[in-house]
Structure formats: C-alpha cells, structure tokens
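What follows is a single structure, written as structure tokens, with notes after it.
Just so you know, ligand 1 is whichever comes first in the structure, and atom 1 is the first atom listed for that ligand.
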Amino acid sequence: MSQNAAVNNNSFPSGRPVIFRNATVLTIDPSLGMIENGDVLVVDNRIASVGRQLVAPENAMEIDAKGGILMPGMVDTHRHMWQTALRGYGADWTLTNYFQFYYLNWGKIFRPEDIYAGNLLSAIEAVDAGVTTTVDWSHGLQTVEHADAAVDALEAVPGRFVLAYGNLLGAPWEWTKAPEFADFIRRRIDGRGDMLGMQLAFDVTGDPAFPEKAAFEVARDFNLPVTTHAGVRGATNDNGIRLMHEHGFMTPSTIYVHAATLSEDSYHRIAATGGYTSVSTESEQNAGQGYSPTWLLRRHNIPVSLSMDTSVWWSADLFSAMRATLSADRGREHLEAHRRDETVMLSHLRAEQVVNWATLGGAQALDMASFIGSITAGKKADLVLIKNDYSPVMFPLLHPYGHIVFQAGRGDVHTVMVDGKVLKYDHQLLGIDLNRARQAIAKTVEYARSKMGEQAWNEGMNPEKAEVEFIENPYTYTERGKAAQKQSGQ
Ligand SMILES: [Zn+2]
C-alpha cells in the first residue's frame, strides 16, 4: 500500500503496472458482468487481470477506486471534431441553418490551421470526458493540407482516433481518386496501428446514376469502412440505401449515421447486411434529422453505437448521449402506446444496454472489439474511473448502470487511461497542453469572425426566430396571457 498513486509535475509515473482497487467494475464483458469491490491490473498497455483482491506486482501504482465505477473507455462513432473551433455557436440552429452555414456559406473559409485548432480542442475534450476512442467525421478536408492538419492534432493528444476522411465541398468520386489522397494514406495512416484508424466519410444523395459508386470502389480497394449520414430528413433517404444495397456496398463495416428517417425496407436491408448505426440523439432531436431511432432499431435487431455529432451545438460527452438516448427511446415507447390508448407497464430499453452501446457497441461498430470495448484480460487498457468524493451525487451507488446514465456527468470522470497510459488523474488532465488549444482556438475564432464580417457572424449565430402561433382559446385569456401574446408579435 506504499505505492499509492502520486502525481508529480503533472504526469503519472509511467512504465509501471497500475492497479485499480475496490471499484464497482462494469466489465461489459458478458462472461464477467459487474464486479463489486473489484480490482483491475494493467501491465504495459494491456489489462492483465480482472477480479477481487488481486495480487499486484511489487512496483505497481495503486489507484484507490473505492466509491467509484470503473468502466471501459467510451467510444464515439461520429463527431465532426473540426467544428469544435466554434463551440456552441449553433446552439439555436436547425439542420437547415447548419447546412447554410457550413455547406453553402462558410465551410470554405476554414484553413488547415482552423481544422487543427478544432480537432485539438475536441481531442482533449474527448479524453477529458472519458471518450477514449473517437471517430473524427472530418468533412472539412478541402485539401490534403487540411487532412494533414487534422491528423497533426489527433497525434498531439494520446487518445485513440479514427479519421473518417471527408470533404463537404467536393464530390467523393473525385477527391478519393486524387493521387495525393492515396499518398496521404501511405504517409499518415499506414503503420499507425490501432491508435489511428481510417474510414471514408461521404453521403449518398440518391441520384439514380449513383455517382458515389466510384468512391465505394476506392474504399474497397483501400479496405476502408464507409461511414455515411443515412436517413437524414431533407438530405439522404431510402434511395441511397437501396442503391448501396443493389451495388453490393452495404457491408458489416458500413456505419449509418442517424438512420432516423428510413422505411421498414431500408432497416431490413441494414439488418440483413450487418452494418452498424451511429445514433446522435441530441443532434437528431435538436437539428431534425429525424426522431432518434433506437426504438425502431431494437425491433429490427440492428446494432447501435452512440455519438455526439458536433460541438457547434452540444458538448461532446457520452453521458449526455446515453441520457438523451434512453430518454428518447422511452419517450417514444410511451407516446406510441398512448396513441393506442395503452400504458407502458415495463421499460424495454435498460440503462445497462445504453452503457453497452457507449462502450462495446462503439468498439464493435469500428471492428475494434477484439482489443477494446470491455474490461477483459488481454485487451488494451482503455479505462475510465467515475469517482467524485466531493459530489453529493456519487452515493448511494445502488444501480451502477443507471448511475452512469442518469446520475453521473463528465465532472465525475476521475481517471482516464488510454492504451495503458494515465491521461487524467484525480480530475486533472496530465501532460496535455490545454493552453496550446486555447491559443489556436482564439486565432480561429478571430479569423472566422473577421472573414465573415460582424453582421454575418451575428446573423449566423442568431437565426431568425420562428413565431409561436397561439391556439385559439374558447375561454378568455388572462391579462398576462394577452401581454405574452403581444410580446411575441401575434
Ligand atoms: Zn454528422
């Protein structure tokens, strides 16, 4: 017990085994389940053993996890990390406002250094919140210099990342064919092992000519999974799914983001070809891609992973994703039942399932479950300790899965380990330069604001407000009601 973890000079002693002691361990491994008063020993970058009162090597560092929950690192399968540069700017947007801003007007002004700034801050945010693996759905890559900048940022933070290469300003059948694209894969991705993966990110418009075919062929040639916004009201629909299916491009590695407004037939095609969905409930509910679809996906036996989409609206922590997803699923079950004049007597979706989606589900979606996603001996050590001795919300700890989903938050993330390295301990990031991100972000915000001009900047952030139409009331409105009506311009 003399080896209690001590942090000096903002770093955790490296090269020594680490043992987490006395945690409620949510292994997410079906054969192990939950272990109370559990220990997890990490040697080098792997989980060496999981159990109770483990014997640790003499030189092991001990992390006192009593009162806390130890879980696998969370996995976000869809996040536009570059957009973190304008964190919160789009709080009042719809999807239409988003498209107008990035696709039609201002996406083109983002320079490589702006991609770098957004990615750097987003990568730090991910690690801080216990998201140990993040897919960077990077559709701001107008040039390979932008892509280099994206990867530079991902390499500056020792989390696990997957670059989903995209370009919202270009045609995927063109940019995937460019020689510099193939060269980029050789230079930046090949040989990086499991810390930096790659996917191809593009959408399928439903054009009967199926021009995306060439991009799918490139993906197949390079053995890259395709991740695509599917079932997004006003953007992509069943035609895209049908074309992909008819041409043989729906595979177990395909990820369907949102999958919110699709027909039964499209869900059947997804289920039959083994792909994964990435559900971003906060996004679907605010932006309007469609209703968060897990209540339907469960019935179709389509596997689910979770995501936060973009910090231009929401913070990128999966506590929010889990809570929003469970609430949306149950809310829909109730609504559907009430429409039939029935009452839901038992909840279908359980907190445990949602924690599973946020961890193992994400790992499976990315074909990484052989080495992350659960606390299993032999897997890479990507671990999160939820523990906060200063919080009135951390006790009593009666239903640990429910506690994660409905009680805990990012402020309760005590320790984060990725690939066996402690990147956060006792609520403090270690060896991560937040100031560098702060300075880079400040430059990007200043640049974007001056490039757009004050008027466009303000109008972009504050889109015109939809008017509230008061419902005709057969009784008489009170004076207060009349005043409110007047104020809203009715
Ligand atoms: Zn998206």
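Checked by atom type, the side-chain pair Ser122/Asn119 shows no donor-acceptor distance below 3.5 Å. Looking at Ser263 and Asp265, their side chains never bring a donor and an acceptor atom within 3.5 Å of each other.
Looking only at N/O/S atoms, Asp309 comes nearest to the Zn ion (ligand 1) through OD1.
Here the side chain of His146 pairs no donor or acceptor atom with the backbone of Asn167 at under 3.5 angstrom.
Taking 2.8 Å as the threshold, His78 counts as a candidate ligand of the Zn ion (ligand 1), since one of its N, O or S atoms lies below it. At least one N/O/S atom of His229, whether from backbone or side chain, sits less than 2.8 Å from the Zn ion (ligand 1).
Within a 6.0 Å sphere centred on CZ of Arg192, heavy atoms belonging to other residues, nucleotides or ligands number more than 12.
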